[in-house]
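Below is one structure; the comments refer to it alone.
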Amino acid sequence: MCFSATASFTAGVTLSALGIANYQKIQSSDYRLLGLFPFLFATQQFLGGIVWLTLGNPSLSSLNLVVRDGFLLFATGIWPILCPLAVYLGEKNSLKRKVIFGLVIVGAGLGIYLFGFVITQGVHLEKFSGNLLYDLTVIPLFAPLKYLYLLVTSLPFILSERHPVKLFGLAAIASFGLANLFYNLTFVSVWCFFAAVLSGALYFILEDAQPKTTENL
């Protein structure tokens with residue numbers, strides 16, 4: 001999380017608890033991947049907490065590098081792939097499945113491109129105005145690609161036939177706008193915070209989104 005180590009670890013613990021409760025009530029295998037999102041965000045927030053604790057400590061610089069890249073692996077490489085894929089697995093409409101699968105392919109290419117530059121070029125990291133600043137401007141075309149990232153991570157949810165899932169996508173777009181407007185320099189860490197908070201809402205979203213059945217699949 002972007003504000004402090006304590007906030008990061010608190011978010012990680014809270015999302016882990018919500019993730020356990022969430023996953024236990026998933027009836028359809030189509031929603032298993034989406035149900036894992038709180039756990040994945042919890043992992044990312046634990047990594048963010050360790051980033052806070054190790055940043056600026058020369059004796060822990062190697063560990064800081066590892067957890068920094070682990071956090072960015074989620075932010076740049078994993079989410080643009082898993083977001084459309086999770087919706088694709090739960091979608092039944094054939095036309096929408098084709099469109100969303102196309103976004104999975106685009107997301108995979110985008111994730112490889114973004115994280116590839118993170119690994120090969122390195123990323124400057126510092127504390128800035130009470131947040132963590134991951135400087136991804138080293139990545140060519142990062143400014144416009146940020147909006148492609150928004151497209152592949154949010155549009156699949158909006159395309160879903162399930163109304164609660166649509167709302168999740170709209171909330172993700174709104175959180176992107178807020179982070180981009182008010183925290184432009186520290187956008188990466190702040191939007192990850194907003195997204196982590198939103199993932200906690202999946203506990204309620206999946207309850208309404210799943211087909212009502214009387215037996216577990």
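Bear in mind the structure is a predicted one, so any value in this text is a computation, not a measurement.
- Here the closest heavy-atom approach between residue Pro140 and residue Leu145 is recorded as O-CD1, 3.7 Å.
- For Tyr134 and Phe187, the distance between ring centers is not under 6.0 angstrom.
- Counting heavy atoms from C-beta outward, Phe74 and Cys192 have side chains that stay 4.5 Å or more apart.
- In terms of hydrophobic clustering, with Ile, Leu, Val, Met, Phe, Trp and Tyr side chains grouped at heavy-atom distances under 4.5 Å, Phe182 and Leu185 are assigned to different clusters.
- Side-chain contact check for Ser8 versus Trp52: some heavy-atom pair is nearer than 4.5 Å.
- Side-chain atoms of Ser16 and Phe46, non-hydrogen and from C-beta on, do get closer than 4.5 Å to each other.
- In this structure, Leu85 and Val104 approach most closely via the heavy-atom pair N-CG2, 3.6 Å.
- At a threshold of 4.5 Å between side-chain heavy atoms, the hydrophobic network of Ile, Leu, Val, Met, Phe, Trp and Tyr places Ile78 and Ile105 in one connected group.
- Placement of Tyr113 and Ile119 within a single hydrophobic cluster is found when ILVMFWY residues are connected by side-chain heavy-atom separations under 4.5 Å, directly or transitively.
- Between Val118 and Phe115, the closest side-chain pair of non-hydrogen atoms falls below 4.5 Å.
- The side-chain heavy atoms of Tyr147 and Asn180, taken from C-beta on, include a pair separated by under 4.5 Å.
- Inter-residue side-chain proximity for Gln45 and Val13 is flagged as unmet; no heavy-atom pair is nearer than 4.5 Å.
- No donor-acceptor pair closer than 3.5 Å links the side chain of Glu126 to the backbone N or O of Leu132.
- With a 6.0 Å radius and a threshold of 12 heavy atoms from other residues, nucleotides or ligands, Phe101 has its CZ atom at or below the threshold.
- Across all non-hydrogen atoms, the minimal contact from Pro80 to Thr153 is CA-CG2, 3.8 Å.
- Looking only at distances, no side-chain donor or acceptor of Ser154 sits under 3.5 Å from a matching main-chain atom of Leu151.
- The only option from Val87, Val99, Ile173, Leu103 that meets the side chain to side chain contact (heavy atoms under 4.5 Å, CB included) definition with Leu155 turns out to be Leu103.
- The shortest heavy-atom contact between Phe194 and Leu178 is CE1-CB, 4.2 Å.
- Considering every non-hydrogen atom in both Ala196 and Leu15, the closest pair reads O-CD2, 3.4 Å.
- For an aromatic pair to be called close, the ring centres must be under 6.0 Å apart, and Phe142 with Phe117 fails this.
- Here the rule is side chain to side chain contact (heavy atoms under 4.5 Å, CB included) with Leu47, and of Leu73, Leu72, Asp69, Val67 only Val67 fits it.
- Atoms OG1 and OH, from Thr76 and Tyr149 in turn, are 7.0 Å apart once rounded to the nearest 0.5 Å.
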- Full working for ring-ring contact (aromatic ring centres under 6.0 Å, His included) between Phe41 and Trp79: CA-CA 10 Å; Phe41 272 110; Trp79 293 124; 4.0 Å; yes
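- Considering every non-hydrogen atom in both Ala5 and Leu53, the closest pair reads CB-CD2, 3.8 Å.
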- Message: Could you go through Leu89 and Tyr31, starting from their C-alpha distance and side-chain angles, then the distance that decides it, and tell me whether this counts as side-chain contact (heavy atoms from CB on, under 4.5 Å)?
- Response: CA-CA 7 Å; Leu89 294 175; Tyr31 289 90; over 6 Å; no
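- Here CG of Asn93 is found 10.0 Å from OG of Ser160. Values are rounded to the nearest 0.5 Å.
- The structure places CD of Glu91 at 8.5 Å from CZ of Arg162, a figure rounded to the nearest 0.5 Å.
- Remark: Lys146 NZ to Leu141 CG distance equals 13.5 Å, nearest 0.5 Å.
- Atom OG1 of Thr54 is separated from atom CG of Leu65 by 9.5 Å, given to the nearest 0.5 angstrom.
- With contacts defined as side-chain heavy-atom distances shorter than 4.5 Å, the pair Leu125/Asp135 does not qualify.
- Between the side chain of Ser61 and the backbone N or O of Asn57, no donor-acceptor pair lies under 3.5 Å.
- No side-chain donor from either of Tyr88 and Asp30 sits under 3.5 Å from a side-chain acceptor of the other.
- No side-chain heavy atom of Phe39 sits under 4.5 Å from any side-chain heavy atom of Gln44.
- Taking the ring axis of Phe157 as reference, the NZ or CZ atom of Lys166 does not stay both within 45° of it and closer than 6.0 Å to the ring centre.
- In terms of modelled atom types and a separation under 3.5 Å, the side chain of Lys96 and the main chain of Leu159 share a donor-acceptor contact.
- When atom types are taken as modelled, the side chain of Arg68 and the backbone of Val123 share a donor-acceptor pair closer than 3.5 angstrom.
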